[in-house]
Amino acid sequence: MSSNPVAETVASLMPRARQELTELVAFKSVADFAQFPKSESEGAATWVADALRTEGFQDVSLLDTPDGTQSVYGYLPGPEGAKTVLLYAHYDVQPPLDEAAWVSPPFELTERDGRWYGRGAADCKGGVIMHLLALRALKANGGVPVHVKVIAEGSEEQGTGGLERYAEQHPELLAADTIVIGDAGNFRVGLPTVTSTLRGMTMMRVRIDTLEGNLHSGQFGGAAPDALAALIRVLDSLRAEDGSTTVDGLTADAQWDGLRYEDEQFRKDAKVLDGVELIGSGTVADRIWARPAVTVLGIDCPPVVGATPSVQASARALISLRVPPGVDAAGATKLLQVHLEAHTPWGARVDCEQIGQGQAFRADTSSPGYEAMAAAMAVAYPGQEMSYAGQGGSIPLCNTLAALYPDAEILLIGLSEPEAQIHAVNESVSPEELERLSVAEALFLRNYAAHQAR
């Protein structure tokens, strides 16, 4: 990185950043209180609030959102007449999944092979630290030239919409001229990237019932309708032979016009086993950024260990459906439910329950904020031009903010590049990416203020 005071300051702050990320990762802040204590999430929220107060933020508050979680808000005033920038991250994390598969404990930040490992290190506790680093660097080099609002969400990973509903009820709170969502990531390490689209999502539980109770498979098997077999048939109906998503009535042939994602690079990023084919048709970018994708997240049925020779009376699954920009998530939810009901065999009883939903997002990349970010990225990543990519994941808050503040620019950056393996075991963050993106965010705020002053 070329020498400049902001970059030098961020570099000097990296040991502190590592210690702070260690403290924040230690909170088991999974916003599923049936699995993890609510006190862990509350502890993480308090940590973020204390960090904002230390940096001079005013009106620091723990917002009790309608889904029973807390989001953290703070306001840092800038010069009179300056623009307002909202910085977003979330402190809640995904469950660690199979803790035995982690090389190091998931809630202990551990350095290995030049990366920092721990649940939330990249997604998105690292984003909280990125915002703090950027602001500290500016304070040490002439001051923060804009008004800054920070919002750290407490339930983004659950898709329960608490912060979206709170923002709709208090529309003045998060109002800003520009919004930086720190929950995306570079296309690959070292390639500065702004995410220009996000897929929306819906999650649905489906339950199938066929019998009043389980039956002996020897006595009744062959005629008694098996609920688990019916569920398998239903789930299989959601994919074509090549693995493409097939929800009746849902368009699945859009094409991505932008950064290419080569098959071999994707296989490497996704750690696809040798000999196993990729699924779907079209380019990889088409499949993960421009088309719907269904995933079976879990199935309730007897485990293999301890299973008895029984015909199952009931079975249940949790299904995720990602939808691209231009597809209404509510409409897709209805199509998914109708599809599941229509493809349930043997007259079995089927019950569908929607448990989460968020709209897709498309940014306006022609706005002045993108010009300011491109110039900042060019300094933070010498010799690299900022790229635009899609992201298959969902950040439902983006659409809520776009609807509440239609004149605001929204930019998505962050630490979740492919090597980070977010949502999987052994999630990690690149400290070099944390450093460079913190520099880029600081310079963006400075560039944006200078542009508005012209």
Side-chain angles (χ1 to χ4, degrees), residues 157-161 197-210 226-257 261 266 270 272 276-301 314-362 390-396 398-399 423:
E157 299 291 8
Q158 297 300 312
T160 46
T197 68
L198 298 167
R199 287 194 294 198
M201 58 82 69
T202 186
M203 285 201 294
M204 185 169 290
R205 290 193 187 105
V206 56
R207 174 179 174 137
I208 291 180
D209 295 286
T210 56
D226 184 328
L228 180 55
L231 177 63
I232 291 169
R233 286 264 182 112
V234 172
L235 299 180
D236 183 60
S237 75
L238 293 169
R239 293 192 183 278
E241 187 67 26
D242 67 359
S244 300
T245 292
T246 53
V247 175
D248 294 342
L250 189 62
T251 301
D253 60 359
Q255 296 181 328
W256 174 260
D257 182 18
Y261 202 160
F266 179 81
V272 180
V276 178
E277 300 175 0
L278 301 185
I279 62 171
S281 61
T283 69
V284 168
D286 293 340
R287 285 174 260 179
I288 65 173
W289 297 335
R291 296 180 182 177
V294 70
T295 305
V296 179
L297 303 181
I299 299 178
D300 286 339
C301 61
S314 298
R316 191 170 69 150
L318 178 62
I319 300 167
S320 164
L321 176 64
R322 303 282 181 170
V323 295
V327 176
D328 176 56
T333 300
K334 293 178 182 177
L335 290 174
L336 177 60
Q337 180 172 345
V338 170
H339 178 105
L340 295 171
E341 293 170 347
H343 287 267
T344 299
W346 315 322
R349 296 180 184 178
V350 56
D351 179 70
C352 297
E353 177 189 6
Q354 180 194 339
I355 62 169
Q357 180 179 287
Q359 295 290 355
F361 171 79
R362 188 189 305 275
Q391 181 171 299
S394 306
I395 306 175
C398 282
N399 278 87
H423 294 202

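No hydrogens, no waters, no symmetry mates; every other heavy atom, side chains included, goes into these values.
- Shown here for Pro324 and Trp289, the closest heavy-atom pair between the two residues is CB-O, 4.1 Å.
- With contacts defined as side-chain heavy-atom distances shorter than 4.5 Å, the pair Val323/Thr202 does not qualify.
- In terms of the side chain to side chain donor-acceptor pair (under 3.5 Å) criterion, residue partners of Asp209 (sequence neighbours excluded) are, by chain and number, Arg207, Ser314.
- The heavy-atom pair separating Arg199 from Ala293 by the smallest distance is NH1-CB, 3.5 Å.
- Atom CG of Asp257 is surrounded by 12 or fewer heavy atoms from other residues, nucleotides or ligands within 6.0 Å.
- To the nearest 0.5 angstrom, Thr283 atom OG1 is 8.5 Å from Ile288 atom CD1.
- Legend: residues meeting side-chain contact (heavy atoms from CB on, under 4.5 Å) with His343, ordered by chain and number and at least two apart, are Ser237, Asp248, His339.
- A 4.5 Å side-chain heavy-atom check between Ile355 and Leu318 finds at least one atom pair inside the cut-off.
- Within 6.0 Å of atom CZ in Arg239, more than 12 heavy atoms from other residues, nucleotides or ligands are found, so the atom counts as buried in its surroundings.
- The two residues Ala329 and Gly358 come nearest to each other via the heavy atoms CB-O, 3.4 Å.
- Only one option out of Thr295, Leu235, Leu297 pairs with Ile319 in a side chain to side chain contact (heavy atoms under 4.5 Å, CB included); it is Leu235.
- The distance from atom CG of Leu238 to atom CG of Leu250, rounded to the nearest 0.5 Å, is 10.5 Å.
- Interatomic distance, Ile208 CD1 to Arg316 CZ, rounded to the nearest 0.5 Å: 12.5 Å.
- Taking NZ from Lys334 and CD from Gln354, the interatomic distance works out to 10.0 Å, rounded to the nearest 0.5 Å.
- In the model, Thr333 has a side-chain atom that pairs as donor or acceptor with a side-chain atom of Gln357 under 3.5 Å.
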Task: Check against side-chain contact (heavy atoms from CB on, under 4.5 Å), Glu157 and His423 - done: CA-CA 9 Å; Glu157 299 291 8; His423 294 202; 3.1 Å; yes

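- The closest side-chain heavy-atom distance from Arg287 to Val284 is below 4.5 Å.
- Panel note: side chain Asp286, backbone Asp253; no donor-acceptor pair is recorded below 3.5 Å.
- In this structure, Glu353 contributes its side chain and Arg205 its backbone to no donor-acceptor pair below 3.5 Å.
- Listed here is the closest heavy atom pair of Cys352 and Gln337: CB-CG, 3.8 Å.
- Pro345 and Val234 get closest at one heavy-atom pair: CD-CG2, 4.0 Å.
- The CG atom of Leu228 lies 9.5 Å from the OG1 atom of Thr210; values are rounded to the nearest 0.5 Å.
- Partners of Ser320 according to the side chain to side chain donor-acceptor pair (under 3.5 Å) rule, which considers only residues two or more places apart in sequence or in another chain, do not exist here.
- A pairwise comparison of heavy atoms in Leu321 and Val247 identifies CD1-CG2, 4.4 Å as the closest pair.
- Using a 4.5 Å cut-off on side-chain heavy atoms (C-beta onward), Arg291 and Gln255 make contact.
- The side-chain heavy atoms of Pro292 and Val327, taken from C-beta on, include no pair separated by under 4.5 Å.
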